[in-house]
Number of protein chains: 2
Amino acid sequence: MLQAPVIMQDHERCADCPIRHRAVCAYCEPPELVKLDAIKSYKTYKAGETIAWAGEPMDVIGSVVSGVATLSRTMADGRRQMVGLLLPSDFIGRPGRPTVSFDVVAANEVRICRFKASEFEALVTRMPALERRLLEMTLDDLDAARDWMLLLGRKTAREKIASLLAILARRDANLTQQTVADGLVFSLPLTREAMADYLGLTIETVSRQISALKKAGVIVLEDSRHVRVPDFVALLDEAGDDSDGGMVS
Amino acid sequence: MLQAPVIMQDHERCADCPIRHRAVCAYCEPPELVKLDAIKSYKTYKAGETIAWAGEPMDVIGSVVSGVATLSRTMADGRRQMVGLLLPSDFIGRPGRPTVSFDVVAANEVRICRFKASEFEALVTRMPALERRLLEMTLDDLDAARDWMLLLGRKTAREKIASLLAILARRDANLTQQTVADGLVFSLPLTREAMADYLGLTIETVSRQISALKKAGVIVLEDSRHVRVPDFVALLDEAGDDSDGGMVS
DNA sequence: TTTAAACATTGATCTCGATCAAGGCGCGTT
DNA sequence: AACGCGCCTTGATCGAGATCAATGTTTAAA
């Protein structure tokens, strides 16, 4: 969620701030920026570690610096559905809300830059542009959630896998500034189980469909965690998407 | 989406405004309120009529006064997934976004109170509390979308139907101030087809599962569009939800 | 290097919901 | 009343993905 199209590397001072990408770097005044710097802190979570449980009070907001975190809802009998995937530069937090409404778990080793929620909220009231930015980010999340709903409700297993791979490939290409022409190569930051939770499938089906895409030549598996996409358009075609969704071209 | 817990009937002047429920009534200053009144307009759409197509520029924002509207995404081959359900008092619009990203369709006769987007935006910049309110509403939508994702990805057909009925029953009870003890009665504002699009099912499965819940005594069908729920807790149980989700008790 | 545990793949079978098909019901029109 | 049309229900069958089961692979600890 909440992906910044390009990371701004010319703002070293706030390089890891949860809001750096457009809000602070674009709008904030230097005095406020100093305050942001003074109250931020870092924390690293190991793979599988729970960052926050559903229902817990959420006293920090932040953003992913490196690694991958997941948001998921679980039913009483253990069925689980991922409802958010947080990659580097994504924002974590629900401004103005006292509790988390889903489990936040580290998919692999995750480094997070955090603010105390109360201090962040105070800052927001003094910086109207920040509030605007938060609204914009939440709308991005909502759009992503709605695409995700189409995937869960109407796509076949094969389309689901292709869609997920396309999303991960796009994110990776943005971060590394690759172009499509090179033939994308990227790593899968999720286990088969996490992919299954993302897609509303079982791990067996995930595995089978990845094999099928491999057999069809749409992807090449360097190993079980590294994928090469020779032709990105072919992958999008498998995903059933009708647009290229803003790929770096 | 964006449900107001109780409609404020003591603010006649802005009774139909897209933002009446908490933002204007709670925060706005009288001079601004007058301006809101001056620029609002009404429009009624017939059942099945498309209010806006995906990709179109969206020059109005507004809210549902009566009737039901749906947001849905469609794939190239016609598969459709509903991604938003707008009941009376719900907000329509993506503040700051130039286009709609899904089809907006009237499920039955819908009356909408509208602002020109540009005028509304201008107002927002002068009323910081309004921006805060929009953020809050968008977060509500995001929470709803995430619950919906759990439904689509992991619930059985029967649980899906029960969940939808529970949502509609709750909304109806809130509007009419019924209590659970009475044994809820409410009308289904959606056709079987719309329910199927909501739930990621086919109309046949929707029909069958409604029949099954009827046979099990969880619901009573007065006719195909009116439902009685003798025991709301039993319905929630069928839905697989672990919380009562804020029912009026 | 061996071992154990987590993760991934593949096969065989089953099941829930989709699909195909036929009728029924409600309602407005002629 | 008869007709047509949209909507809903029910039955029969099919198939995609789940489930059950076995085996292979990677990783890291001993």
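Every chain is numbered from 1 and lettered A, B, ... according to where its sequence line falls, protein lines coming before strand lines. It should be emphasised that the depicted structure is a prediction, and the values quoted were computed from it without experimental measurement.
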> Hey, are the side chains of V60(A) and I92(A) touching, using non-hydrogen atoms and a 4.5 Å cut-off?
Replying inline: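 They are not in contact (no side-chain heavy atoms under 4.5 Å apart), so the answer is no.
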
> Is there side-chain contact between V233(B) and D237(B), with heavy atoms separated by less than 4.5 Å?
Replying inline: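 Heavy-atom side-chain distance check fails, nothing below 4.5 Å.
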
>> What residues from residues 189-205 of chain A pass a heavy-atom cutoff of under 4.0 Å to DNA chain C?
In response: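 Hits under 4.0 Å, by residue number: T191(A), R192(A), E204(A).
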
>> Taking the nucleotide of DNA chain C with the nearest heavy atom to each, does R154(A) or L221(A) sit closer to the 5' end?
In response: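 So the residue in question is L221(A).
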
Take atom [atom1] of [X] and atom [atom2] of [N], then tell me their distance rounded to the nearest Å.
{"X": "Q209(B)", "N": "dC8(D)", "atom1": "CD", "atom2": "C1'", "answer": "15 Å"}
{"X": "R208(A)", "N": "dT23(D)", "atom1": "CZ", "atom2": "C1'", "answer": "14 Å"}
{"X": "E159(A)", "N": "dG17(D)", "atom1": "CD", "atom2": "P", "answer": "9 Å"}
{"X": "L188(B)", "N": "dC7(D)", "atom1": "CG", "atom2": "C1'", "answer": "13 Å"}

I'd like to know if [X] and [Y] make a salt bridge, using a cut-off of under 4.0 Å between side-chain N and carboxylate O.
{"X": "R73(B)", "Y": "D143(A)", "answer": "no"}
{"X": "R114(B)", "Y": "D59(B)", "answer": "no"}
{"X": "K155(B)", "Y": "D147(B)", "answer": "no"}
{"X": "E159(A)", "Y": "R79(B)", "answer": "yes"}

>> Can you give me the closest heavy-atom contact between F186(A) and L165(A), atom names plus distance?
In response: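 Closest approach of F186(A) to L165(A): CZ-O, 3.6 Å.
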
> Reckon R225(B) touches a base, only the sugar-phosphate, or nothing at all at heavy-atom distances under 4.0 Å?
Replying inline: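 Sugar-phosphate contact only.
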
> Does R80(A) have any salt bridge (charged side-chain N to carboxylate O under 4.0 Å, His left out) partners at least two apart in sequence or in another chain, and if so, which?
Replying inline: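 So R80(A) forms a salt bridge (charged side-chain N to carboxylate O under 4.0 Å, His left out) with E193(A), D197(A).
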
>> What range of DNA chain C does chain B touch, first nucleotide to last, counting atoms under 4.0 Å from its heavy atoms?
In response: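 Taking any atom under 4.0 Å from a heavy atom of chain B, the span is dG17(C) to dC20(C).
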
